[in-house]
Amino acid sequence: MAKKHIIVDPITRIEGHLRVEAIIDENNKIVDAYASSTMFRGMETIMKGRDPRDCGLMAMRICGVCTGTHYQRSIEAVEDAFNVTIPKNARLVRNLIQGALYVHDHLVHFYHLHALDFVDVVEATKADPAKTAQEAVKWAKASGHKPFISAEADFKAVQDRLVKFVKEGRLGIFGNGYWGNPNYKLTPEQNLIGVTHYLKALDIQRDLAKMQAIFGGKNPHPQSIVVGGVTCVQDIKNPARIALFKTLLKEGREFIKGAYLPDVYMAGTMYAKEATDKDASYKGVGGTGAGILNFMSYGDFKLDDTGFYHAENLLPAGIVMGGDLSKVYDVDATKIAEDVAHAWYEGTGKPEHPYEGTTIPKYTGLEKKDDGYAYLKTDEKYSWIKAPVYDGHKMEVGPLARMVVGYAKGDKRITKYVGNFLKRSGLPIEVLFSTVGRTAARAIETEMMADVMMDWVDELAKNVAMGDDSTWTEFDFDLVSKECRGAGMAEAPRGALGHWMVIKDGKVKNYQAIVPSTWNAGPRDEKGELGAYEAALIGTKVADPEQPLEIIRTIHSFDPCIACAVHVVDTQGKELAVYKVDPNCAF
């Protein structure tokens, strides 16, 4: 039987434009995969010749989701170059702005971008609302919390609306799902829980977004971070503003603990078989979606005021290779480079460090076959994303990487939260190395972040009450900007994010950014080593090639930030099926 060529282009329910091509064998198992960004960014070229202090306001436009992260990383690159250490209040405010982004981003990702890979919306119409209420209590208890929604009437109300929509054919954003696919594992009652929480999360995420605006000025694209500190002096001096932030955080934390975590426990248990299927793993460790098993975290969220690269981090920095939790390596920034062997850029013939990196487009197009359909030239260049490498190796970054690195380093806080999940779920540590594990790690991190932020907001209020209202460190721009360079290397919700800047006579001479999805979605490098997305798909078993649910599920587990028709063709170019999704409904 001939192998089949599956093309998913573009991937929906993500930020940006991503294409995946996968080859499946006669048993519908993926034996090769290629990830391609079909969108050129080019932001780095805009920065050249600019005042470095202004770059953050432009850099945040790289993304419309994690805007504040790019903003802060760019500002920190300048502070690194100028050797500026920010005051305590500025550190706490930045932590709170970033923390608010994390809990908002992770919640939106799970429910509105990823949950429907596990939850069959149509099957929820068959649920018994009374049993659904009992099921909600069961999974909340398993996660160690009270259920956010447990009333039979609440589930019945949602089901009644859903049944009406299904009968009338008005499913809207739920209209083009792979409902009925055999790889949906939840019961009707569990599906109804998922849909109910999905709808409630639409309200919760709005309040979480307000948190970032309280100290950031607005959301998206906050504007209160400047080189040397922050500008929101009046906000931190106003007890009502701090109290509002804390109130919104408390409400959001109740949903995280009473809905988000229980739902992940539920999904993790029901999908445990594929999460522990070593035969579906690229390297025979973990389960479906495990991938390359090389994890890297730059570290983030400063816990003291000893300077950017000297302070203790909430999220530790480090590298774990091959899934070996017995050894953690330090991150050496000099070993980071970008390879363009399979990316649509010109290069120098070797991987380039960001300080010397170039961004020169060289689009070579797609391969046109006799059937008239375009395919990636996988032996040549096939993506607008470069291939970052660390010491010559591909890395996975993100919540899973942060939890793996922290757990392997013995970080007390991370070990506690990860340990709680494993103990309460009854799943082995190896489950983390899977699509399910990647999704669970994000939820674990969200709970931890929501808890720690309560301490930070109290610390900020106490420090200001004691008379410290300093938010900025003075510096002489003319003196420090003559000739220098700096890097803002820390974490974003999706993983390790770095902005590198070379400054000459007060202007930007070179600027490079390597974002989390560059690490994860990058193509093969010059040695042919697969990117994290590509490797995570190898070994995956597809139940129905005309409904590549498993591909979408694994790609979504990374929370791609790179958007809607899906084509499935065989190796002869014959079209098997076409699925179209209105991009306006992709969110």
Side-chain angles (χ1 to χ4, degrees), residues 12-18 37 39 41-44 46-47 53-77 90 93-114 173 201-227 230-232 235 241 244-245 248-249 251-252 255-256 300-301 398-399 442 445-446 449-450 453 488 490-495 497-499 513 515-518 558-563 583-587:
T12 58
R13 285 186 273 129
I14 67 169
E15 201 290 332
H17 305 278
L18 177 68
S37 168
M39 176 176 63
R41 189 179 74 217
M43 183 66 75
E44 293 89 344
I46 299 175
M47 304 296 189
R53 296 170 295 183
D54 295 338
C55 286
L57 294 171
M58 291 176 280
M60 74 164 78
R61 266 71 187 183
I62 287 175
C63 178
V65 179
C66 43
T67 61
T69 300
H70 287 289
Y71 181 27
Q72 188 168 323
R73 296 297 87 85
S74 183
I75 294 294
E76 288 166 347
V93 165
R94 290 186 184 183
N95 280 357
L96 291 171
I97 292 175
Q98 281 288 92
L101 173 62
Y102 269 61
V103 294
H104 176 268
D105 188 270
H106 288 353
L107 188 78
V108 168
H109 168 259
F110 178 72
Y111 283 106
H112 307 128
L113 307 182
H114 191 29
I173 58 175
L202 291 170
D203 295 326
I204 300 297
Q205 64 87 21
R206 283 195 290 268
D207 286 339
L208 293 177
K210 293 176 184 177
M211 290 164 53
Q212 189 176 17
I214 289 174
F215 296 126
K218 60 193 291 284
N219 180 35
H221 304 299
Q223 297 183 337
S224 64
I225 302 174
V226 295
V227 176
V230 296
T231 61
C232 52
D235 291 306
R241 299 292 282 171
L244 175 58
F245 187 99
L248 294 172
L249 177 58
E251 294 172 352
F255 185 81
I256 290 166
D300 202 4
F301 292 96
R442 188 173 286 106
E445 181 176 76
T446 306
M449 186 66 67
M453 286 172 67
E491 292 293 306
R494 291 163 182 81
L497 171 63
H499 284 238
V515 309
S517 291
T518 311
F558 288 90
D559 190 7
C561 194
I562 313 193
N584 292 321
C585 294
F587 182 73

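With a 4.5 Å cut-off on side-chain heavy atoms, I97 and V230 do not count as touching. Side-chain contact between P399 and D559 is absent, with no heavy-atom pair separated by less than 4.5 Å. Taking 4.5 Å as the limit, some side-chain heavy atom of L107 sits within range of a side-chain heavy atom of F255. Counting heavy atoms from C-beta on, the side chains of V226 and R53 never come closer than 4.5 Å. For the pair Y102/D300, a side-chain contact is recorded, criterion being any heavy-atom separation below 4.5 Å from C-beta on. The shortest distance between side-chain heavy atoms of I62 and H499 falls below 4.5 Å.
Note that CG of L113 and OG1 of T12 are 9.5 Å apart. Values are rounded to the nearest 0.5 Å. Of the inter-residue distances, the one linking M58 atom CE with I46 atom CD1 reads 8.0 Å to the nearest 0.5 angstrom. To the nearest 0.5 Å, atoms CG (L96) and CZ (F301) are separated by 9.5 Å. Note that the OG1 atom of T69 and the CD atom of Q98 stand 4.0 Å from one another [nearest 0.5 Å]. With rounding to the nearest 0.5 angstrom, the CD1 atom of I14 is 10.0 Å from the NE2 atom of H109. One finds the CG atom of L249 at 11.0 Å from the CE atom of M449 (value rounded to the nearest 0.5 Å).
For Y111 (side chain) and H106 (main-chain N/O), no donor-acceptor pair under 3.5 Å exists by modelled atom type. Between the side chain of K210 and the backbone N or O of Q212, no donor-acceptor pair lies under 3.5 Å. In this structure, R73 contributes its side chain and E491 its backbone to a donor-acceptor pair below 3.5 Å. Here the side chain of S224 pairs no donor or acceptor atom with the backbone of G217 at under 3.5 angstrom. Although no hydrogens or angles enter the test, the distance criterion places a donor-acceptor pair under 3.5 Å between the side chain of Y71 and the main chain of I225. A donor-acceptor pair under 3.5 Å is formed between the side chain of Q205 and the backbone N or O of L202.
For the residue pair H104 and A209, the shortest heavy atom distance occurs at CD2-N, 3.6 Å. Taking all atoms of both residues into account, the shortest heavy-atom contact from V93 to C232 is CG1-SG, 3.7 Å. What you find for M60 and H70 is that their closest heavy atoms are CA-CB, 3.8 Å. Nearest heavy atom pair, residue R94 against residue E76, reads NH1-CG, 3.9 Å. In terms of heavy atoms, L208 sits closest to G252 at CD2-CA, 3.9 Å. In terms of heavy atoms, G68 sits closest to P222 at CA-CG, 3.8 Å.
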